[in-house]
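This is a predicted model, so every value here is computed, not measured.
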Amino acid sequence: MRHLTFAANWKMHIAPAEARAFASAFLAQSNPVEGRTLWFFPSAVSLEAAANAFGGRADVRIGAQDVHWEAKGAFTGATSIPLAHGAGATGALVGHSERRHVFGESDEETGRKVAALLAAGLTAMLCVGEQLSEREAGQTQAVCLRQLRAGLGGMGQDQWGQVVIAYEPVWAIGTGRNATPGDAASVHAAIRAELGRLGAPGRRPVLYGGSVNQGNVASLLAESEIDGVLVGGASLDPAGWARIVATG
Ligand code: 13P
């Protein structure tokens, strides 16, 4: 049976009270579907409210948008894995393009974060993707595979079950432009081949992100290489998100 993952990245939106209101509206319109997993990535301040509000529905997972690799210490403003886990997170995004390109996160830092998440028993959703100039220079696959190798370099071979990949071309995020389903599928195939070379024992989920919405989600999911979607703007409205997760 095909497994699909629908991940909502709420970015710097949705305060705790709004997370509770979102969950009650969403849960009233969306029932669990066999073979589908839903991830919500709220801001750190809304993690606990979201975890409580979704009430442990079996298909729902809550994750942090970013974590530090150190378990504790003097890192003002950062969220450690134990802090996120204590608030209800069972995973985290790592290396989102906004972390890489707005906050200057390096490939090496993504590797440390993935390794720390996996060691703590949590899921790492590693994001990879090329910028427009890199795409135009024909470097799409080289960039994505480099980010993949750096992100997964510190992991153990027994930890593959905790790894999810999201391909998000930077030029498609929040711009209304997205990769064609065929273009995305060919990058997914290259990512999947690299995962195999790195030792992944079976199929790992590879999600697509970047201007996914109600109008284009079905054509993306029609590609067998695309195991789900990671969505920003179109995940902020509970009714719209309920329609997206019911697609296909
Ligand atoms: P948009 O869906 O708003 O383009 O954002 C994509 C994204 O960055 C999800 O992580």
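In terms of the ring-ring contact (aromatic ring centres under 6.0 Å, His included) criterion, residue partners of Phe41 (sequence neighbours excluded) are, by chain and number, Trp39. Looking at residues two or more places apart in sequence or on another chain, you find a side chain to side chain contact (heavy atoms under 4.5 Å, CB included) between Asp107 and Arg100, Arg146, Gln147, Ala150.
More than 12 heavy atoms of other residues, nucleotides or ligands sit less than 6.0 Å from atom CD of Gln157. Annotation: His85, atom NE2; neighbour count of heavy atoms from other residues, nucleotides and ligands within 6.0 Å does not exceed 12.
Here Trp10 and Phe22 bring their ring centres to under 6.0 angstrom of each other. Side-chain rings of Phe40 and Phe6 stay apart, their centers remaining 6.0 Å or farther from each other.
The structure places OG of Ser46 at 8.5 Å from CZ of Arg20, a figure rounded to the nearest 0.5 Å. A distance of 11.5 Å separates CG in Leu93 from OG1 in Thr123, rounded to the nearest 0.5 Å.
Contact check for Leu221 versus Glu223: no side-chain heavy atoms found under the 4.5 Å cut-off. Residues Arg57 and Pro32 are in side-chain contact: their nearest non-hydrogen atoms beyond the backbone lie under 4.5 Å apart. Between Ser30 and Val245, some side-chain heavy-atom pair lies under the 4.5 Å cut-off. Gln139 places none of its side-chain heavy atoms less than 4.5 Å from the side chain of Glu130. In this structure the side chain of Thr5 never reaches within 4.5 angstrom of the side chain of Val229, judged on heavy atoms. Side-chain contact between Val212 and Asn216 is present, with heavy atoms from C-beta onward closer than 4.5 Å.
Between Asp227 and Arg2, none of the side-chain N atoms (NZ, or NE/NH1/NH2) sits under 4.0 Å from a carboxylate O, so this pair counts as no salt bridge. Salt bridge Glu105/Lys113: present, at least one basic N to carboxylate O contact under 4.0 Å. Glu109 and Arg112 are not joined by a salt bridge, as no carboxylate oxygen comes within less than 4.0 angstrom of a charged side-chain nitrogen.
A distance-only check finds a donor-acceptor pair linking the side chain of Ser186 to the backbone of Asp183 [under 3.5 Å].
Under the 4.5 Å side-chain heavy-atom criterion for ILVMFWY residues, no single connected hydrophobic cluster contains both Ile173 and Val164. Residues Tyr208 and Ile165 fall within the same hydrophobic cluster, defined by Ile, Leu, Val, Met, Phe, Trp and Tyr side chains chained together at heavy-atom separations under 4.5 Å.
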